[in-house]
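Atoms within each ligand, like the ligands themselves, are counted from 1 in listed order. The figures that follow rest on heavy atoms only: side chains count, while hydrogens, waters and symmetry mates do not.
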Amino acid sequence: MLVTGSIEDIQSAVRLWKRQKLRVGFVPTMGALHEGHLELIRTARQISDRVVVSIFVNPSQFGPNEDFNDYPRNRDADLNLCRKQRVAALFTPDEATIYPTGNLFHISLTELADTMCGASRPGFFEGIVQVINKLFNIVEPDVALFGQKDFQQFIILKRMVQEFNHQTEMVMVPVQREHDGLAYSSRNSYLNREERAVAPALYKSLSIIAAAIHNGENSPEVVIESQRNDLEEKGFKIDYLGVFSRARLRPVTRVSAGDQYVIAGAVYLGKTRLIDNILLDL
Ligand code: AMP
């Protein structure tokens, strides 16, 4: 496995593979790899010939009061996991490599970032678009894989690929969960024992809302409100919990047959922010 922080090194490896007509799959991450990341890598291996993983804890997507400094970093374990998964190249750039000009340019987003996570994390998706745009320009992957857990991120990045003319196919991999339903997340390591025990309630609430809609409820506001109350009683602080249109991420109060939605939530448990979602095809 090639392990490098250098743009030249990763580019010459990828360009060689492309000359050999090998299809290059790319999995961008912030490290502290878990089963969610590994599923992305496994899927990448199935649909491409060489898998490139990047690990970069991107400062530009963290707000001033967020956890950039505390974000789990686990380089040795990550390296071993990537080796085991037969990753061809691990790209681990430092900040000066990714942001050499000190952020002179900024991509701003309009409606897709003013809802869900974007509403409470100003600058978050701009930071993600900025870094993924750069990583796509560096790696020039044939296909890139992202997790459904960050559904809004996937929708925004898919639009970015269209609008900035990247020649990269976008693939979304379903949410990977622990046995009790909690979605894997690098931030789960912040949870203490009591918090970890109640954390699966977020997925349960999303599932209850999904079940009510599948059973014919087309105005889900009442069931959503009761799930909000239920989560608050369990000690969660709710950022948002609701049903959103799939393509434009607008909150909806009525659902109708033939349409696609995402039931999504973001909550705090102590200082830990958890997100999760369920896709709904009616
Ligand atoms: P991160 O390292 O948190 O930036 O995540 C890197 C990639 O892994 C993103 O595309 C995430 O959506 C994806 N990912 C994180 N957790 C999960 C999960 N539980 N299931 C599926 N994909 C995930």
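Ligand-side atoms of ligand 1 in range of P174: 20 (N), 21 (C), range being under 4.0 angstrom from any heavy atom. Remark: ligand 1 atoms within the under-4.0 Å shell around heavy atoms of D150 are 11 (C), 12 (O). Each of the following atoms of ligand 1 lies closer than 4.0 Å to a heavy atom of Q153: 9 (C), 10 (O). Using a 4.0 Å cut-off to heavy atoms of Y184, the atoms of ligand 1 that qualify are 16 (N), 17 (C), 18 (C), 19 (N). Per-residue contacts place T29 under 4.0 angstrom from the following atoms of ligand 1 (heavy atoms of the residue considered): 2 (O), 6 (C).
Summary of contacts: the protein heavy atom closest to atom 20 (N) of ligand 1 is Q176 N, 2.8 Å. With hydrogens left out, the protein atom closest to atom 3 (O) of ligand 1 is Y71 OH, 3.8 Å, a heavy atom. Looking from atom 22 (N) of ligand 1 to the surrounding protein, the closest heavy atom is G147 CA, 3.4 Å.
Residue contacts with ligand 1 for E35 are absent, since no atom lies close enough (heavy atoms, distance under 4.0 Å). The backbone of P28, and not its side chain, has at least one atom closer than 4.0 Å to an atom of ligand 1 (non-hydrogen atoms only; backbone = N, CA, C, O). Neither the backbone nor the side chain of R177 has a heavy atom within less than 4.0 Å of ligand 1. Using a 4.0 Å cut-off between heavy atoms, L40 contacts ligand 1 through its side chain alone, with no backbone atom that close. With a heavy-atom cut-off of 4.0 Å, E39 does not touch ligand 1 at all.
Within the cation-pi definition used here (under 6.0 Å to the ring centroid, within 45° of the axis), R177 qualifies as a partner of Y203.
For CG of D76, the number of neighbouring non-hydrogen atoms (other residues, nucleotides, ligands) closer than 6.0 Å is 12 at most.
Residue contacts with ligand 1 leave out Q148, since none of its heavy atoms falls under 4.0 Å from the ligand. Look at H34 and you'll find a heavy atom under 4.0 Å from some atom of ligand 1.
Taking only nitrogen or oxygen atoms, main chain and side chain alike, H37 reaches within less than 3.5 Å of ligand 1. Residue K149 places no N or O, backbone or side chain, under 3.5 Å from any N or O of ligand 1. The shortest N or O to N or O distance between M30 and ligand 1 is below 3.5 Å. Looking at V173 next to ligand 1, no N or O pair under 3.5 Å apart turns up.
With respect to R250 and D114, a salt bridge is recorded, a charged nitrogen being found less than 4.0 Å from a carboxylate O. A salt bridge is absent between E66 and K271: the closest approach of a Lys/Arg side-chain nitrogen to an acidic carboxylate oxygen does not fall below 4.0 angstrom. With respect to the salt-bridge test (charged N to carboxylate O, under 4.0 angstrom), the residues R246 and D281 qualify. With salt bridges taken as basic N to acidic carboxylate O contacts below 4.0 Å, one links D239 and R273.
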Criterion side-chain contact (heavy atoms from CB on, under 4.5 Å) on R75 and T92, from CA distance to verdict: CA-CA 9 Å; R75 186 180 163 94; T92 58; 3.4 Å; yes
Taking it one step at a time, do D142 and R50 satisfy salt bridge (charged side-chain N to carboxylate O under 4.0 Å, His left out)? CA-CA 10 Å; D142 296 302; R50 293 289 181 276; over 6 Å; no
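Applying the ring pair (Phe, Tyr, Trp, His ring centres under 6.0 Å) rule to pairs touching residues 65-99 yields F62-F68, F62-Y71, sequence neighbours excluded. The side chain to side chain donor-acceptor pair (under 3.5 Å) pairs that include a residue from residues 13-30 are R23-E169, where partners are two or more places apart or lie in different chains.
Among all heavy-atom pairs drawn from V14 and V24, the shortest one is CG1-CG2, 4.2 Å.
Checking D70, D67, T272 one by one against Y190, the side-chain hydrogen bond (donor to acceptor under 3.5 Å, both in side chains) holds for a single residue, D67.
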